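All values derive from a computational prediction rather than experimental measurement.
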Amino acid sequence: FPRRAHESMHEASALGWASLTGYVRGTAIIALVDAVLIGIGIAIVGVPLALPLAVIVFFGAFIPIVGALIAGFIAVAVALATEGLVAALIVLGIIIAVQQLEGHILQPVVMGRLVKVHPLGVVLAVTAGSLLLGILGAVVAVPILAVATTVLSYYGSRARARNDAQEAGESRLTAPSDSHDQAADAAGSAETAQGDAEAGTTADEPRDTLAPNDQAPREAATRQSAR
C-alpha cells in the first residue's frame, strides 16, 4: 500500500477492531442476562436440566434472531416433555418476557452504545450469512457487518472533510482576485468623479473675463472720454 495510506488504514483498522470487540462484549453481556433470567425461571417452574438449558440460551444469543428461537424451542420442548403443558406454557411466557426485555432495554442500552448497526441490516446479514455458510455464517455475519460499517463510515467522513478543505481553499484563492477587481473598480470610479469635478469647475468660470490685449483699448477709450 502507498505510504500516504498507512495512517488512514491504521485508524480504520483500529476503529474496526474496536467495533468488533464492542459487539462481542455487548453480545456476551446480553447473552449472560438472558441465560441467568431464563435459567432461574426454568428452575422455579421445576423443569429439569435448568443449567444446561441456560447454557444453550447463552450460546444461542450469539446467533441473532435465530439463536433465541432455537434455544427457546428447546427449553419449551423439555418443559413439555417433563412437566406437561402448563409448565411448557409458563416457560414460553418466561422466554417471551426475557426477549422483550432484551429487545426494548438491553439492545438499545448495551449494543446501541457499542455498535451502530441498523436492525434491517442485521436481518439481511444473518439471512445472507446463513444461506452462504449455515450457522457459522449467521454467527459471523453481524460482526463483519459492524466492522464494514465502521470502516466505510470512517473513509466517508475523511472524503467529506477533504472535499470541505478543497472548497475552503478555492474560496480563499478567489477572494483576493475579487477584492483586487473591486479596488480597481473603486479607483476607476474615483478618477471618473475627479475628472467630472474638474470639467465642472472649468465650465463655471466667468466668461466675460477679457484677455490683456482686449483690456488695453478699453482703458484708452475710458481716458479719452474722461478728458
- Query: Got Val57 and Leu53 here, is their nearest side-chain heavy-atom distance under 4.5 Å?
  - Reply: no
- Enter the distance from Leu106:CG to Leu32:CG here, rounded to the nearest 0.5 Å. 10.5 Å
- Message: Test side-chain contact (heavy atoms from CB on, under 4.5 Å) on Val98 and Glu102; report intermediate values, then the result.
- Response: CA-CA 6 Å; Val98 172; Glu102 174 187 344; 5.6 Å; no
- Linking I/L/V/M/F/W/Y whenever their side-chain heavy atoms sit closer than 4.5 Å, directly or via other members, would Ile90 and Ile44 fall into one cluster? no
- Item | Distance (rounded to the nearest 0.5 Å) between Ile42 CD1 and Leu37 CG | 11.0 Å
- Determine, stepwise, if the pair Thr82 / Leu49 fulfils side-chain contact (heavy atoms from CB on, under 4.5 Å). CA-CA 10 Å; Thr82 57; Leu49 304 175; over 6 Å; no
- Straight-line distance of Tyr23 OH to Ile144 CD1, nearest 0.5 Å: 10.5 Å
- Item | Atom pair CD1/CD1 of Ile38 and Ile56 - distance to nearest 0.5 Å | 11.5 Å
- Least distance between heavy atoms, Ala50 atom then Gly39 atom: CB-O, 4.1 Å
- Do you know which two heavy atoms are closest between Val91 and Ala79, and how far apart they sit? CG2-CB, 3.7 Å
- Note on the structure: Between Gly46 and Glu83 the two heavy atoms that sit nearest each other are O-OE2, 3.3 Å
- Message: If hydrophobic clusters are built by linking Ile, Leu, Val, Met, Phe, Trp and Tyr wherever their side-chain heavy atoms come under 4.5 Å apart, do Ile105 and Ile30 end up in the same one?
- Response: yes
- Message: Test your reading of the model: is there a side-chain donor-acceptor pair from Ser13 to the backbone of His10, 3.5 Å cut-off?
- Response: yes
- Query: So, for Pro48 and Val78, which heavy atoms are closest and what is the spacing to 0.1 Å?
  - Reply: O-CG1, 4.0 Å
- Task: Tell me whether Val142 is reachable from Leu133 by hopping between hydrophobic residues (I, L, V, M, F, W, Y) whose side-chain heavy atoms are closer than 4.5 Å.
- Result: no
- Set of residues satisfying side chain to side chain contact (heavy atoms under 4.5 Å, CB included) with respect to Val151, sequence neighbours excluded: Ala12, Val147, Tyr155
- Message: For the backbone of Leu15 and the side chain of Ser19, can you confirm whether one donor and one acceptor N or O come within less than 3.5 Å of each other?
- Response: no
- Output for pair (Ile96 CD1, Leu101 CG), nearest 0.5 Å, gives 14.0 Å
- Item | Set of residues satisfying ring-ring contact (aromatic ring centres under 6.0 Å, His included) with respect to Phe62, sequence neighbours excluded | Phe58
- Got a second to check how far Ile95's CD1 is from Phe73's CZ, nearest 0.5 Å? 11.0 Å
- Query: In the single-linkage hydrophobic clustering (I, L, V, M, F, W, Y; side-chain heavy atoms under 4.5 Å), do Val45 and Val76 co-cluster?
  - Reply: yes
- What closest approach, in Å, do Ala61 and Thr27 show between heavy atoms, and which atom pair accounts for it? O-CG2, 3.7 Å
- Do Leu92 and Val86 belong to the same hydrophobic cluster, where Ile, Leu, Val, Met, Phe, Trp and Tyr are linked whenever their side-chain heavy atoms lie under 4.5 Å apart, directly or via other members? yes
